[in-house]
Asker: 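The structure's right below; bear with me while I get my questions together.
Each ligand, and each atom within it, is numbered from 1 in the order the structure gives. Throughout, residue positions are numbered sequentially from 1 according to the sequence presented. Predicted model, so just to flag it, every value in this text is computed and none were measured.
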Amino acid sequence: MQYEGFFVWEKCVKIIQYMDKIIIANWKMNPETAEEAIELFELVKRGVAEVNGIDVVICPPFVYLPILKGLKLGAQNVFYKEEGAFTGEVSPLMLKDLGVEYVIVGHSESRKYLNETDEIVNNKVIEALKVGLKPILCVGEKDGEDREEGLRGQLSKGLKDISEEEIKNVIIAYEPVWAIGTGNNCSPKDAEKVAGFIKKMISESVKVIYGGSVNSDNSNSYLSESNIEGLLVGGDALNAEDFIKIVKSAEN
Ligand code: PGA
């Protein structure tokens, strides 16, 4: 009986350890057609149907948000005004109205190609929270940049005027720029240290996830770390089979 008790205890520890993990797919500007988007989404939906206790979020391009149903959705960007003459932009209210729950802000590609500054990122976080969207705030140092200094700047500016209560609805994605789409992933031990640093700087109650060349072979090594509470997956999220494996690795 003692033996059986041990297994029950071990299982409880595992459930607590993996509780509330979140696996987020960032499809970026893919796939090319609505038909392919639906196909990928439906495959993932079917593949994760039996998975318990893990939040699975798909962030497709804006145009596919209204046609994908049955999994949690996130947008890849948002504007920081609710309505008005802002050609080409999408407001947080519009996303909320579609049933979208999350929104990526400050992704390194938006910082680079759309000139998104920390001040803009901060406005987006504030406006997203105002309507009840959960911002996924991406931070991470560039190649050769001092890690802690880079993070300290992005976090303090990006989260300016966000209260301790509001911070519970923010997810911080640590994505070192040099690790995104390169296959050169940050080691799980380093990512764990950074997650600890972020929690210490911001709050123990903020959720920290890792992103940058995550795949089905390395996902579990991140999720086994206690401060890393989820993953943001780019390239490998476009392969349904791999993404399902990543989600399942959060359950093990
Ligand atoms: P990657 O992208 O998994 O392809 O490195 C991650 C991201 O940009 O969010």
Asker: Does Ser213, backbone or side chain, put an N or O under 3.5 Å from an N or O of ligand 1?
Answerer: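 Looking only at distances, the answer is yes, because the N/O contact criterion of under 3.5 Å is met.
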Asker: With a 4.0 Å cut-off on heavy atoms, is Gly181 touching ligand 1?
Answerer: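 Flag set, Gly181 near ligand 1.
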Asker: Please determine whether a side-chain nitrogen of the Lys or Arg among Asp118 and Arg111 lies less than 4.0 Å from a carboxylate oxygen of the Asp or Glu.
Answerer: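 Salt bridge present between Asp118 and Arg111.
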Asker: Do Val57 and Ile67 sit in the same hydrophobic cluster, where Ile, Leu, Val, Met, Phe, Trp and Tyr count as joined when their side-chain heavy atoms come under 4.5 Å apart?
Answerer: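 Cluster IDs for Val57 and Ile67 differ.
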Asker: Mark up the atoms of ligand 1 that fall under 4.0 Å of a heavy atom belonging to His107, in ascending order.
Answerer: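 Near His107, meaning under 4.0 Å from one of its heavy atoms, ligand 1 has 7 (C), 8 (O), 9 (O).
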Asker: Under 4.0 Å from a heavy atom of Lys28: which atoms of ligand 1 are those, numbered in the order shown and with their elements?
Answerer: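 So the atoms of ligand 1 that pass are 2 (O), 7 (C), 8 (O).
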Asker: For atom 3 (O) of ligand 1, which protein heavy atom lies nearest, and how many Å away is it?
Answerer: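 I find the closest protein heavy atom is Gly234 N, 2.8 Å.
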Asker: Heavy-atom distances under 4.0 Å decide this one: backbone, side chain, both or neither, for Asn26 against ligand 1?
Answerer: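 Just the side chain.
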Asker: Indicate yes or no: at least one non-hydrogen side-chain atom of Glu251 is less than 4.5 angstrom from one of Asn52.
Answerer: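 A side-chain contact under 4.5 Å exists here.
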Asker: Is Tyr210 reaching over with its side chain to a backbone N or O of Cys186, donor-acceptor style, under 3.5 angstrom?
Answerer: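 Yes.
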Asker: Name the orientation class of the two ring planes belonging to Trp27 and Phe41 (parallel below 30°, tilted from 30 to 60°, perpendicular beyond 60°).
Answerer: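 Ring orientation of Trp27 relative to Phe41: perpendicular.
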Asker: For ligand 1, which atoms have a heavy atom of Leu232 less than 4.0 angstrom away?
Answerer: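 Listed by number with element, the hits are 9 (O).
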Asker: Is a donor on one side and an acceptor on the other found under 3.5 Å between the side chain of Asn218 and the backbone of Pro188?
Answerer: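 The answer is no, because no donor-acceptor pair under 3.5 Å joins these two groups.
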Asker: So, taking the atom named CG in Leu155 and the one named CZ in Phe197, what distance separates them when rounded to the nearest 0.5 Å?
Answerer: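 The CG atom of Leu155 sits 7.0 Å away from the CZ atom of Phe197.
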Asker: Can you confirm, on distance only, whether ligand 1 has an N/O atom lying under 3.5 Å from any N/O atom belonging to Gly212?
Answerer: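 The answer is no, given that Gly212 and ligand 1 share no N or O pair closer than 3.5 Å.
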Asker: Is Glu109 close to ligand 1, meaning an N/O of one under 3.5 Å from an N/O of the other?
Answerer: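 No, there is no polar N/O contact under 3.5 Å.
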Asker: To which protein heavy atom is atom 4 (O) of ligand 1 closest, and what is the distance rounded to 0.1 Å?
Answerer: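 For this ligand atom, the closest protein heavy atom is Gly235 N, 2.8 Å.
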Asker: What residue and atom, counting heavy atoms only, is the protein's closest point to atom 6 (C) of ligand 1, and at what distance?
Answerer: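 For atom 6 (C) of ligand 1, the nearest protein heavy atom is Glu175 OE2, 3.4 Å.
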Asker: So, does Asn239 use its side chain to make a donor-acceptor pair with the main chain of Asp236 at under 3.5 Å?
Answerer: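 No: the side chain of Asn239 does not pair with the backbone of Asp236.
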